[in-house]
Each structure stands twice: as C-alpha cells, then as structure tokens.
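What follows is one structure encoded as structure tokens, with my remarks underneath.
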Amino acid sequence: MGKLLKVKVFLITICAGFLIALILIVVMAVCGYKVGEAYVNEQVNQMRANSVVINSQLYAERYRSILNKYLASKGYVSLERMVFYLQKTNNVLDTSTLSYDVWEKAYLDNLNEQEKQMIPIKTMCKKLNADTSIPAFTVENGLNADGVAIDVIDLCTVDGVDITQSDEYNEVYYPLPYTFPLRTNFTVTSIAFEHRSVDLGNISAEQQASTNFHSGWDLAVPIGTNFYSICDGTVSNITNTQANDLPFKKSGNSTGNYMMVTCSNGFTAMYWHLQYKSQPFTIRKGTLVRKGELLGRTSTTGTSTGPHLHMGLKDPEGNLLDVMSYIDFSEYEGN
C-alpha cells in the first residue's frame with residue numbers, strides 16, 4: 001500500500017511539474033513577444049527612423065549611388081547617420097563637398113557587416129569620443145557657400161544628455177521586424193524624405209509640393225515584377241483605378257493603383273504604382289498575409305515617371321517613417 005501511495009505521489013508530482021512547465025512556456029512566449037516588440041520600438045527610437053535631413057538634395061545623388069552599391073549586400077545606413085558622421089569626423093558643415101571615397105568609407109564604417117545593420121549609435125559615439133585623430137568639432141549651424149541652410153546633426157546628445165552616459169541607450173543589435181519587398185535586382189531612384197524636383201507636367205502647386213517631398217522609397221524594377229509583403233498583417237486597402245501601364249504624363253491618372261497592409265505591430269506598409277488588379281485572387285481587403293507572401297506586381301501608375309515600386313511606412317498615428325530602418329537585410333533573397 002505504501003508503494004502504491006508513493007507511485008501516486010510521484011505521478012501527481014510529474015503531472016504538476018508538466019503543467020507548471022507548460023504554463024511557464026506560455027508566459028515566456030507571451031513575454032518574449034512583448035519584449036521583442038519593445039526592443040524593436042526602442043531601437044527605432046534610437047535610430048530616429050522618421051527624421052528628416054533638411055535640403056537632402058545636396059547629398060541625394062551620391063548617397064543613392066552608395067546605396068545601390070551596398071544596400072542589398074551589406075545593409076542600410078541612414079542619410080542622417082551619414083551626415084552626422086561626416087560632419088563629426090571632418091569638422092565640416094556641408095558634407096557634400098567631401099569626396100565620393102570619403103562618403104563610401106563612412107557608409108562602411110557605420111555598418112556591422114555580419115549583422116547587416118548600422119552600428120548602434122551609442123557604440124559609434126563612444127568610438128568617436130575615443131578617437132584622438134578626429135579634429136575638434138567647431139562648426140555651428142549655418143549656410144553653405146551657395147547660401148543653402150544646413151543643420152549640424154549631433155546624434156550623441158539628446159535633450160542635452162550625452163547618450164554614452166545614459167542607460168536609455170544601449171549597444172544591442174535587435175532583430176528587425178520586416179523583410180525586403182523585392183527578390184530581384186533593383187535601383188534606388190528616390191530615398192525617404194528626399195527633396196526633389198519632379199516634372200509631372202500640369203498639376204496643382206499642392207500636388208507638385210507633395211511629389212517633390214518624397215514620403216518613401218522608390219525602387220526601380222521592370223513592369224510586372226513581383227513584390228511581397230514586408231510583414232505579417234492584414235490587407236487594409238486595395239485601390240485599382242488605372243488599367244494601363246503608363247506614367248502620369250501619359251495617363252493623367254493621379255491616383256493609380258496601390259495596396260496597404262496593416263502590420264501586426266500596428267504600422268502600415270504602403271505599396272504604390274502597382275499593375276492593375278495584379279494581386280492574387282486570394283488577396284483582398286481584410287485578408288491576413290504573412291511576411292514574404294506575394295502581393296502583386298509592379299508598374300508605373302498614378303503620379304509616377306517610370307516603372308518602380310514605391311515603398312512607404314507609417315505608424316498608428318499616421319507619422320511617416322523610414323521603412324529601410326525596419327528591414328532585416330540578413331534575410332534579403334535578391335542579388
């Protein structure tokens with residue numbers, strides 16, 4: 001009888017342990033998701049992913065050239081980080097006066113090529129502070145030789161606080177949440193928040209101003225190129241108003257074709273200038289989609305000047321963000 005009781009106690013202990021372990025797994029999974037989401041949000045704040053570099057037209061051509069050389073193979077460095085780093089290491093206001101080679105080196109200096117991410121800003125600030133070969137920074141806000149206003153960008157000080165001494169900033173490489181929307185060769189033709197001068201012909205001053213301040217990324221690809229969801233989420237909008245593959249000057253259609261997906265973290269991914277009704281028959285408003293799922297094909301519709309995918313991102317409050325700051329290029333499957 002004693003042995004039977006011991007067996008029962010043993011079995012009850014095992015079952016109870018199993019139940020506790022199961023509960024812990026569930027709790028850890030939920031907490032892990034929350035922590036992971038918090039990490040992503042924290043990293044985005046540290047990268048200032050919706051920042052705007054004023055008069056970015058000064059740097060855009062050179063910067064795009066470097067992006068087209070290294071973005072897919074090595075990862076993303078934002079224009080803000082580039083201007084900050086170049087100003088700091090060269091003691092200059094207008095970094096567009098520096099050589100292409102200096103810009104290219106700065107791009108690579110700010111990357112962890114193994115992670116295919118920007119080096120955390122706290123790590124970079126510590127490195128810059130410790131480098132005695134860097135000249136003292138004496139530049140204040142001002143105008144360049146052509147009278148164009150340029151900001152001095154200081155990413156090492158936030159609200160008067162040195163981030164190298166702040167516990168609110170860390171040196172961790174967080175897993176980025178999104179995947180790249182293309183799986184083929186592409187050319188970056190416009191960057192997020194770029195100041196441009198685009199000739200669309202006879203349009204209103206308001207529409208021209210909206211076009212000239214670019215809200216997302218233009219990735220030039222041939223008409224009919226497949227594009228994919230950057231995130232897990234729900235299709236929140238599909239609009240098809242243009243049945244032909246024509247740029248605005250020939251079509252006169254300012255709306256074109258586009259799709260929006262509300263990602264699982266509440267952000268909205270925006271895909272513009274799509275081929276008419278090119279989405280698979282299973283893709284419609286309200287459809288749940290997975291990261292990397294085929295959404296449709298590219299074209300040149302609406303206010304476009306040629307075939308490309310316009311990729312944009314906004315937060316739940318409607319603020320425009322730099323989508324490239326959220327892309328995990330270690331997952332990129334293109335060339």
Open item on the list: Filter on disulfide (SG to SG under 2.5 Å), then keep only pairs touching residues 214-278, sequence neighbours left out; what's left?
Closed with: C231-C263

Open item on the list: Can you confirm whether the side chains of Y70 and E104 place a donor and an acceptor under 3.5 Å from each other?
Closed with: yes

Open item on the list: Between T164 and D162, do the side chains contain a donor N or O and an acceptor N or O under 3.5 Å apart?
Closed with: yes

If I take atom [atom1] from residue [X] and atom [atom2] from residue [Y], how far apart are they, to the nearest 0.5 angstrom?
{"X": "Y59", "Y": "L98", "atom1": "OH", "atom2": "CG", "result": "10.0 Å"}
{"X": "K116", "Y": "E331", "atom1": "NZ", "atom2": "CD", "result": "10.5 Å"}
{"X": "R64", "Y": "E194", "atom1": "CZ", "atom2": "CD", "result": "4.5 Å"}
{"X": "N237", "Y": "T262", "atom1": "CG", "atom2": "OG1", "result": "9.0 Å"}

- [ ] Over 60° means perpendicular and under 30° means parallel, so classify the ring planes of Y326 and F267, tilted if in between.
- [x]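 Geometry flag for Y326 against F267: perpendicular rings.
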
Open item on the list: Over 60° means perpendicular and under 30° means parallel, so tell me whether H310 and W272 are parallel, tilted or perpendicular.
Closed with: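 Ring orientation of H310 relative to W272: perpendicular.
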
Shared ILVMFWY cluster between [X] and [Y], side chains joined below 4.5 angstrom?
{"X": "L294", "Y": "V289", "answer": "no"}
{"X": "Y169", "Y": "V161", "answer": "no"}
{"X": "I54", "Y": "Y85", "answer": "no"}
{"X": "L288", "Y": "F227", "answer": "no"}
{"X": "Y276", "Y": "F248", "answer": "no"}

Task: Residue pairs, two or more places apart or on separate chains, that pass side chain to side chain donor-acceptor pair (under 3.5 Å) and touch residues 142-152 - done: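 Applying side chain to side chain donor-acceptor pair (under 3.5 Å) to every pair that reaches into residues 142-152, excluding sequence neighbours, yields D94-N144.
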
Task: Derivation and outcome, ring pair (Phe, Tyr, Trp, His ring centres under 6.0 Å), residues F186 and W217 - done: CA-CA 12 Å; F186 63 91; W217 288 78; 9.5 Å; no

Task: Any L274 side-chain heavy atom under 4.5 Å of T301 side chain - done: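 A side-chain contact is absent here, since even the closest heavy-atom pair is not under 4.5 Å.
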
Task: For K250, side chain to side chain donor-acceptor pair (under 3.5 Å) partners two or more places apart - done: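 With neighbours one apart ignored, the set is empty.
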
Open item on the list: If you apply the rule salt bridge (charged side-chain N to carboxylate O under 4.0 Å, His left out), what do you find for E113 with K74, and how did you get there?
Closed with: CA-CA 6 Å; E113 294 187 30; K74 296 186 181 297; 2.9 Å; yes

